Amino acid sequence: MSISVHQWFNKTQIALISVVALLLSSCSRIPQDRTEDGRTIVTLWTSWAGTERAGIDSVVADFNASQSDIFVRTLNITDPQTKIMLATAGGNPPDIAIMNNQFIAPYAENNALTPLDGLCENADIRPEHFVKTFWETATYRGHIWAVPLTCSVTTLHYNKKIFREVGYDRPPETLEELERINDLITQKRDDGSISRIGHFPLEPGWWRPEWSNWFGLGSYDGENRMLFEAEGWQQAADWLASYHQRFGKDELIKLRSGFGRFSSPQNPFFDGKVAMVLQGIWMNRFIETFAPYDFEYGVAPFPASEEADIPYFAIADADLAVIPKGADHVDEAFTFLRYLIEDGGLEKLALAHGKMTSLKAVSPDFYDKHDHPYLDVFLEIANSGYAKARPQLAQYQNYFTDTNEAANSLLYGLVTPEEGLAQIQSRQQKALDKKQLRWSRVEASYQDLWQEQIDESKN
């Protein structure tokens, strides 16, 4: 069963969620809460797999061996955003869950998380301990909802060999220069089809809703207004539309249909079909695993338009540890989160994931042990002030899906920039207004409830 965030909360679906949650929890929640030697069992849900799962397993094993009161037990789940909400609605959530930062707003506004303000205050965990942009991913409506763990910022990844072919020995410094390089790199066959392109905004396409930031303005003012008809999105829409105008809709569709799977040697960046991509720090692990042995790549800030008042922009992403509302063992769960922050567990986890930690200060060993050849670039960008998280919207899933489709339509020329932006502005403003109206009705009671929980956790 798959339920998107914007569909979860009408009355009919709440009833259905409760039934499914009971079934889910009966299958996946370990019924006992103590080990044979008397330790309190803390359940942790994550969707991490492969080396990422191995990383958290290693850190959990270290924690379990470090004391005799708590035993953390990890369970892998798919589609965590849906299943965590299902279990929470059914009154039987895990004690800790790992989720992406863009889901904090919808969870908090539906009272599905435990506020951590009091617990952080007691533990002297303060914002200044963290990289600012990563800490901000864990806060919403004036409260702390999570502990940011492993993190990344997006950068331009470019194929150095292909760049040398066209006479470039450095990355572009503006978006306009990037497009000039794009034209130099792009190659067509005799029949007009594209065999290689310099840059294609839909590859990998994970951040399509945020392209306006590279023109100086995001999609949301942070309060009451969506900004799809503001200058930033107008310029971004014209830029996206330039692709079908320059390369042809049918040729772009055919090119994209020939791209292989991301995690394979047929990834279009690895096999030379695309020379520049927007990617995160994790990309190095995939390059080491799937790219040819002689693959040469560089990393640099993804440049902003020369008309923007910023040199570049990056999207900040964080894996967050939350304590769902109704968790049985809040204090014990937070003890494990403190271990991650204070006892080196987070550094070990970040090294296993090939990412950054959310912490501002790390040990010298962290830099010595980290295997990313461009770690310094990511660290500089994360601390630059030009890296921002995706917007905190209660209707985030609706926003993401809708803007993805709009970006596709603009790039392929299915709508004009004026038509496309007017349509999405209307839809997303209505969605925001609906969420804001609901919030205005529940804010006072929620804030009182959260404050009670915070006060209790301080005692």
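Here the structure is a predicted model, which means the values were calculated and not measured. Each residue takes its place number in the sequence, starting with 1.
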Report task. Please lay out, stage by stage, how Ser384 and Tyr312 fare under the test side chain to side chain donor-acceptor pair (under 3.5 Å). Result -> CA-CA 10 Å; Ser384 68; Tyr312 61 84; 3.1 Å; yes
Query - Arg246 to Tyr243 six-membered ring, cation-pi geometry met (6.0 Å, 45°) - result: yes
Query raised in the report: With Asp271, which residues qualify under salt bridge (Lys or Arg N to Asp or Glu O under 4.0 Å), at least two apart?
Result: Lys273
Requested in this report: On the 0 to 90° scale, with breaks at 30° and 60°, tag the His199-Trp239 ring pair as parallel, tilted or perpendicular.
Outcome: parallel
Query raised in the report: Are the side chains of Gln395 and Lys434 in touch, meaning some heavy atoms are under 4.5 Å apart?
Result: no
Query raised in the report: What orientation do Trp233 and Phe228 show, parallel under 30°, tilted 30 to 60°, or perpendicular over 60°?
Result: tilted
Report task. Report the C-alpha distance between Phe247 and Ile194 in whole Å, list the side-chain angles of each, state the deciding distance to 0.1 Å, and finish with yes or no for side-chain contact (heavy atoms from CB on, under 4.5 Å). Result -> CA-CA 8 Å; Phe247 304 112; Ile194 301 169; 3.8 Å; yes
Query raised in the report: Between the main-chain N or O of His372 and the side-chain N or O of Asn284, is there a donor-acceptor pair closer than 3.5 Å?
Result: no
Requested in this report: Fit a plane to each ring of Trp206 and Trp282, take the angle between them on a 0 to 90° scale, and name the class: parallel (under 30°), tilted (30 to 60°) or perpendicular (over 60°).
Outcome: tilted
Report task. May I ask you to test the Pro303-Glu173 pair for a side-chain heavy-atom distance under 4.5 Å? Result -> no
Query raised in the report: Does any N or O in the side chain of Asn182 come within less than 3.5 Å of the main-chain N or O of Gly198, such that one atom is a donor and the other an acceptor?
Result: yes
Query raised in the report: Glu419 side chain to Val415 main-chain N or O, any donor-acceptor pair under 3.5 Å?
Result: no
Requested in this report: Determine whether Arg126 and Asp124 make a side-chain contact, defined as any pair of heavy atoms from C-beta on separated by less than 4.5 Å.
Outcome: yes
Query - Glu380 atom CD, over 12 foreign heavy atoms within 6.0 Å - result: no
Query raised in the report: Is the closest side-chain heavy-atom distance between Ile162 and Arg196 below 4.5 Å?
Result: yes
Query raised in the report: Checking ring-ring contact (aromatic ring centres under 6.0 Å, His included) against Phe302, which of Tyr158, Trp211, Phe313 comes through?
Result: Trp211
